[in-house]
Amino acid sequence: MDLASSTIRQFLIEAQRRVSCHAAAFIAPSRDQFDFHCDAPDAKEIEEMLRGIGDTFMAQARLHASNDACSPLIRNKVRYENGGPLIGRFLVAPIPDASGDFSSIVILFRLMTSGGFNEEHLRQAAQLARQLAAMSSLPADPVTGLMARESMEKLVSWRLQSLGDGCESSVLYGDIDQLRLVNDLLGFEVGDRAIATVAHALAAGLANEDAVLSRISGDRFTVFLPDCTLQRAQNIAARLREAVQARPFAIGDESIPLSICFGAAVLGNGGRSFEHSLAGAEVACKAAKDRGRNRVEIYHVSDTSIIRRRDDFSIVGRLRSAFEEGRYQIMGQPIASLLTPDSVHRYEMLLRIIDEKGRLVLPAHFMSSATRYQLLPQIDRRVISDVLNHLRAAPTRPGVKPLHVSINLSGPTIADDTFLDWLQAQLDETGVGGDRLTFDLTETVAVGNMAQTQLLMSKLGARGCRFALDDFGTGLSSLTHLKDLPFSSLKIDGSFIRDIRHNERSQSLVRAVAQLASAMGMETIAEYVETPEICMRLIELQVEFGQGYAIGKPRPINGILAPAANLLHAS
């Protein structure tokens, strides 16, 4: 089912529907192409008859076109050359090409017992012929030969125009499983061959269906099924999944298994748009991958996994828009000494998104979605780049300590092989000294990427950067790795700080951490210091630094860097 055949098939179905005829055929003698559509029991006999008289109608259309610029013609009384009864009524529509000439025709056929074609039918046929010519001229996908997304959307819009409001159609969204692994191990050329193999399996599986198949991008396909219930769409998707799995894909002597996940969603012509339904099908497809791959899932608004995916899509879309439109803010929360009076010059950098109404959105509302959709490396780079540019532009004042900032690094960022080179290039470009930077890593991040973490700490440590072990106390093996990684600070997790006034176990643990850190030459920072009473208890336990609302609320980085920003420590 390549671009041409899919478009022509849809055209014949639509022409038969709009003009209300018994059968429709497309004939291009120069390409030896004949496409036919008829749902009646006598379809075989009608097809043979139209094949037999196609050349005659092509000649008549050319003669007619020489006088009337490729307009359709009506033949309501046609007999075979040797006489006999009338064989039917015909409307012949030439299909113009880019030059205005034509090399193909569409024949619409009615039985003699039906009414004859009239001028209104002729007008409709001319419009359909122009639409077919326009859609056929759109470029095809170069890898599969299928129609690209633009062509598919035009064809779907065209079909939906003639379907009644009560007609239920469906959309499938397919995503090849683990194609990235094929690309990584065998190269993109083999990956393209895998995509083409899947496309051929899908086209073969839809050969007898009223369907529009398209490759919309990468390893993803969509199928529009007009006048098709969701249950039937699910059955078609299951058959297509099996067809892909059964299609052989060999590289040399080795056979590589292929599989695909499908999501299905309903498309009511009077309600959900095609784009909305396609998004629902994509969400269901993602849920199928979450549940084990090589599956078919239906989009249900009550499915908790799908609800999460739908919410993720919405959040990630808004997050990307916020970055593109500059609707975000870097905030700094002060980290103050608890044991010695000093001006506040240390801040942890925090990201806040600004929604469409100008309200700040906390990370709790978007970080889990950003994690699932692998946006954390982009977020980390955006924060680092903005912070370094602010530090470069900040004025220096005699006798005032320069601002020192802490920046969180995520696991995917540490695991990114290009990150360290990028960060060093940023430091070189901005001229910001490493002694002004601390990078916060959780134990999970550090241990999960041990080799990359050690390399990062070695290279950046040589430039004066410091490192803090974040959320200390929540992991299971922090003590094991403290001697292997050169952390300068331990940040005690807030879960041990909130109830420190009344929970003796929390007090004992915080005291032990403070003593351990002191013995290893590291400082301690307590998170979530929310009240003066907690401050006083931490001072008694010899915790050196605090961070929380009792110390100071997050403030925009521009305000922190202002001339009057440094606040005297109030303890």
Side-chain angles (χ1 to χ4, degrees), residues 141-146 148-149 172-203 213-223 237 240-264 278-279 281-297 305-306 308-310 312-313 315-317 319-320 368-381 410-422 445 448-449 451-452:
D141 172 56
V143 175
T144 63
L146 298 174
R149 182 162 188 160
L172 303 180
Y173 182 99
D175 192 338
I176 302 174
D177 293 329
Q178 297 182 311
L179 184 69
R180 178 179 295 180
L181 187 60
V182 175
N183 287 330
D184 290 346
L185 296 178
L186 302 172
F188 286 97
E189 182 178 350
V190 175
D192 284 350
R193 286 177 51 196
I195 291 171
T197 299
V198 171
H200 293 155
L202 298 178
L213 171 64
S214 170
R215 179 192 179 207
I216 54 175
S217 65
D219 52 1
R220 287 158 286 182
F221 298 84
T222 187
V223 182
L240 294 176
R241 181 191 61 79
E242 293 170 357
V244 169
Q245 195 172 20
R247 177 74 58 141
F249 181 61
I251 303 297
D253 297 331
E254 185 177 358
S255 179
I256 298 177
L258 296 175
S259 64
I260 191 169
C261 281
F262 275 106
L278 184 61
E282 182 179 2
V283 169
C285 181
K286 297 294 185 184
K289 286 188 176 291
D290 286 349
R291 295 169 183 174
R293 305 183 189 277
N294 197 24
R295 295 172 58 93
V296 176
E297 295 288 344
S305 174
I306 285 177
R308 191 199 76 190
R309 281 288 182 185
R310 182 188 62 205
D312 279 351
F313 271 33
I315 291 170
V316 169
L319 187 59
R320 285 175 171 152
S368 61
S369 298
T371 301
R372 280 192 288 271
Y373 281 83
Q374 302 176 350
L375 294 182
L376 294 185
Q378 300 174 40
I379 292 175
D380 288 351
R381 291 193 185 204
S410 65
T413 293
I414 299 294
D416 183 351
D417 293 336
T418 67
F419 172 71
L420 179 56
D421 289 341
W422 174 86
V445 167
N449 304 278
Q452 294 96 323

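- The CG atom of Leu172 sits 10.0 Å away from the CG atom of Leu213 when rounded to the nearest 0.5 Å.
- Ala243 pairs by the side chain to side chain contact (heavy atoms under 4.5 Å, CB included) definition with nothing, not counting sequence neighbours.
- Here the CZ-CD1 distance, from Phe221 to Ile195, works out to 6.5 Å after rounding to the nearest 0.5 Å.
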Go through Asn294 and Arg241 one step at a time and tell me if the side-chain contact (heavy atoms from CB on, under 4.5 Å) criterion holds.
CA-CA 7 Å; Asn294 197 24; Arg241 181 191 61 79; 3.2 Å; yes
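- Put simply, CZ on Phe188 and CG on Leu179 are 9.0 Å apart, with the number rounded to the nearest 0.5 Å.
- Distance check, rounded to the nearest 0.5 Å: CG of Leu186 to CD1 of Ile251 gives 6.0 Å.
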Would Val182 and Val190 count as a side-chain contact (heavy atoms from CB on, under 4.5 Å) here? Give the steps.
CA-CA 7 Å; Val182 175; Val190 175; 3.9 Å; yes
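- Of all non-hydrogen atoms in Ala196 and Thr144, the two that sit nearest each other are CA-CG2, 4.2 Å.
- Applying the side chain to side chain contact (heavy atoms under 4.5 Å, CB included) rule to Arg220 yields the partners Tyr173, Asp175, Ile216, Ser217; only residues at least two apart in sequence or on another chain are considered.
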Could you go through Phe249 and Val244, starting from their C-alpha distance and side-chain angles, then the distance that decides it, and tell me whether this counts as side-chain contact (heavy atoms from CB on, under 4.5 Å)?
CA-CA 10 Å; Phe249 181 61; Val244 169; over 6 Å; no
Pair Val223, Leu202 - check side-chain contact (heavy atoms from CB on, under 4.5 Å), show working.
CA-CA 9 Å; Val223 182; Leu202 298 178; 5.7 Å; no
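- A pairwise comparison of heavy atoms in Ala264 and Ala284 identifies N-CB, 4.2 Å as the closest pair.
- The neighbour count for Arg293 CZ, taken as heavy atoms of other residues, nucleotides or ligands under 6.0 Å away, is above 12.
- Remark: Ile176 CD1 to Ser259 OG distance equals 9.0 Å, nearest 0.5 Å.
- Every salt bridge (Lys or Arg N to Asp or Glu O under 4.0 Å) that Asp416 has, sequence neighbours left out, goes to Arg381.
- When the salt bridge (Lys or Arg N to Asp or Glu O under 4.0 Å) test is applied to Arg193, no partner is found at least two apart in sequence or on another chain.
- Checked against salt bridge (Lys or Arg N to Asp or Glu O under 4.0 Å), Asp177 has the following partners two or more places apart in sequence or in another chain: Lys289.
- With sequence neighbours left out, the side-chain hydrogen bond (donor to acceptor under 3.5 Å, both in side chains) criterion links Asp380 to Ser410, Thr413.
- With rounding to the nearest 0.5 angstrom, the CG atom of Leu146 is 9.0 Å from the CZ atom of Arg215.
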